[in-house]
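Worksheet: the structure to be examined is printed underneath.
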Amino acid sequence: MAPVDAPVGSMLREWRVRRRRSQLDLALGADVSARHISFLETGRARPSREMIDRLCDELDVPLRARNDVYLAAGYAPRHRETPLSTATLAAARRAVDLVLAGHEPFPAMAVDGRWDLVAANAAAGAFLDDVPDHLRAPRTNVLRLTLHPDGLAPRIANLAEWGGHVRRRVRRQLERTGDPALAALLAEVEGYLPPPDHGHEDRVAAGDAVVPLRLATPDGELAFLYTMTVFGSPRDVTLDEIAIESFFPADDATAAALGVAR
């Protein structure tokens with residue numbers, strides 16, 4: 001039988017390989033035969049929309065990439081990408097604003113899947129005031145703004161350590177999403193970072209539970225830990241990609257500088 005839809009089969013295979021799953025393992029998880037998985041990947045069979053859903057669920061394919069799979073199979077995209085400012089996502093925007101406001105006086109910001117700034121609270125904005133305009137156009141990208149030599153990088157006291165952490169985190173994100181735009185951004189910011197010092201990173205990791213962000217400020221050096229919050233069970237591409245980065249004082253001196261007792 002001649003292949004009927006090789007492009008979608010290639011995409012499904014790419015995601016299976018990215019997730020390090022065998023055809024048999026994927027077939028067992030999706031409750032189909034390994035033979036059918038093989039036929040789909042080689043284009044000898046065309047997947048239904050239901051089959052795409054099952055395989056993408058099993059492979060944890062991000063919603064943006066799922067839409068590409070639907071299109072390759074000849075179907076309309078299933079997941080909308082709605083601007084957060086629209087009435088449709090008003091409840092989600094309120095949730096983001098509440099989290100950001102509730103985190104004061106500590107910094108917090110919301111970013112999309114390519115690290116473009118969606119929103120920030122006043123505490124985070126204070127750290128961004130001195131960043132030159134050319135790092136804010138056409139939109140503010142938090143990775144670029146943080147690691148560019150004209151951005152926050154000169155104020156990051158542990159730039160090699162923090163940069164290594166960021167590098168690893170974005171590589172893991174890229175492994176999950178396969179987003180070419182994220183790959184280009186990673187290549188750009190890696191050019192701003194000092195070469196990895198693996199021995200130094202290992203020594204730091206042995207002494208600290210997590211990697212802090214250490215910023216030089218007029219109030220002295222401030223140290224922050226951070227957490228990430230995401231929406232549960234999103235069905236919209238925008239919500240699937242938004243993350244809220246919340247920073248907390250890592251020591252008593254930082255808490256005191258922010259006017260909070262630990």
Side-chain angles (χ1 to χ4, degrees), residues 83-85 93 96-97 99-101 103-174 177 179-197 200-201 211-229 238 241-251 253-255 257-259:
L84 195 60
S85 58
R93 178 63 199 229
V96 170
D97 291 341
V99 172
L100 295 178
H103 198 62
E104 297 280 5
F106 306 142
M109 60 186 71
V111 297
D112 65 18
R114 294 166 181 175
W115 291 83
D116 288 333
L117 185 66
V118 174
N121 65 7
F127 289 110
L128 311 180
D129 285 344
D130 296 334
V131 174
D133 290 341
H134 73 85
L135 291 181
R136 301 176 184 271
R139 58 179 61 88
T140 300
N141 183 273
V142 172
L143 284 189
R144 184 179 296 114
L145 179 146
T146 303
L147 300 177
H148 193 283
D150 294 338
L152 291 182
R155 295 164 55 189
I156 299 178
N158 59 335
L159 181 59
E161 175 190 4
W162 181 254
H165 159 71
V166 171
R167 181 189 287 116
R168 292 189 297 273
R169 180 179 173 186
V170 178
R171 284 176 179 171
R172 290 194 298 269
Q173 181 185 355
L174 180 59
T177 65
D179 184 356
L182 186 62
L185 177 63
L186 176 61
E188 176 190 340
V189 298
E190 283 186 322
Y192 305 143
L193 294 172
D197 182 350
H200 171 72
E201 291 178 9
V211 176
L213 171 64
R214 302 188 181 278
L215 280 178
T217 76
D219 296 318
E221 183 177 294
L222 304 184
F224 295 94
L225 312 178
Y226 81 92
T227 63
M228 182 179 70
T229 303
T238 297
E241 295 180 343
I242 283 181
I244 300 177
E245 307 279 332
S246 304
F247 291 83
F248 296 84
D251 53 36
T254 301
L258 296 176

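- Side-chain contact between V166 and V189 is absent, with no heavy atoms from C-beta onward closer than 4.5 Å.
- In this structure, E221 CD and L215 CG are separated by 8.5 Å, a value rounded to the nearest 0.5 Å.
- Listed for the E104 side chain is a donor-acceptor partner under 3.5 Å among the backbone atoms of A122.
- Taking P149 as the reference, Y192 meet the side-chain contact (heavy atoms from CB on, under 4.5 Å) condition, with sequence neighbours excluded.
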Item to complete: I would like to know whether L143 and V170 meet side chain to side chain contact (heavy atoms under 4.5 Å, CB included); could you show each step before the answer?
Response: CA-CA 10 Å; L143 284 189; V170 178; 3.7 Å; yes
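- Ring pair F106/F248 is tilted by interplanar angle, where 30° to 60° counts as tilted.
- Using bins of under 30°, 30° to 60° and over 60° for the plane-to-plane angle, the ring pair F247/F224 lands in the perpendicular bin.
- The CZ atom of R114 sits 14.0 Å away from the CG atom of L186 when rounded to the nearest 0.5 Å.
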Worksheet entry | side chain to side chain donor-acceptor pair (under 3.5 Å) between D150 and H134, worked out | CA-CA 9 Å; D150 294 338; H134 73 85; 3.2 Å; yes
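- Nearest heavy-atom pair, P105 versus L258, reported as atom, atom and distance to 0.1 Å: CG-O, 3.8 Å.
- Residues D219 and A257 share a closest heavy-atom pair of CB-CB, 4.3 Å.
- With hydrogens and angles disregarded, no donor-acceptor distance shorter than 3.5 Å links the side chain of E161 to the backbone of P212.
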Item to complete: Starting from the C-alpha separation in whole Å, work towards a yes-or-no answer on side chain to side chain contact (heavy atoms under 4.5 Å, CB included) for L222 and F127.
Response: CA-CA 11 Å; L222 304 184; F127 289 110; 4.3 Å; yes
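- Contact record, P249 with A255: CB-N, 3.7 Å, taken as the closest heavy-atom pair.
- The two atoms that bring V111 and V118 nearest to each other are C-CG2, 3.9 Å, heavy atoms only.
- Proximity of W115 to L185: side-chain heavy atoms (C-beta onward) are separated by under 4.5 Å at one or more points.
- For the atom pair CG of L147 and CD of E188, the computed distance is 10.0 Å after rounding to the nearest 0.5 Å.
- Atoms CD and OG1, from E245 and T229 in turn, are 8.5 Å apart once rounded to the nearest 0.5 Å.
- Note that CG of L145 is 5.5 Å distant from CG of L128, once rounded to the nearest 0.5 Å.
- Residues R172 and R168 meet the side-chain proximity criterion, which asks for heavy atoms closer than 4.5 Å.
- Proximity of a side-chain donor or acceptor of T254 to a complementary backbone N or O of A223 within less than 3.5 Å is detected.
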Item to complete: List the steps and the verdict of side chain to side chain contact (heavy atoms under 4.5 Å, CB included) for R155 and D130.
Response: CA-CA 11 Å; R155 295 164 55 189; D130 296 334; 4.3 Å; yes
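- Heavy atoms from other residues, nucleotides or ligands lying under 6.0 Å from CZ of R139 number 12 at most.
- For D179 against A181, the heavy-atom pair with the smallest separation is OD1-N, 3.0 Å.
- None of D116, D112, T146 except one satisfies the side-chain hydrogen bond (donor to acceptor under 3.5 Å, both in side chains) rule with N141; the exception is D116.
- To the nearest 0.5 Å, the span separating CG on N121 from CE on M109 amounts to 8.0 Å.
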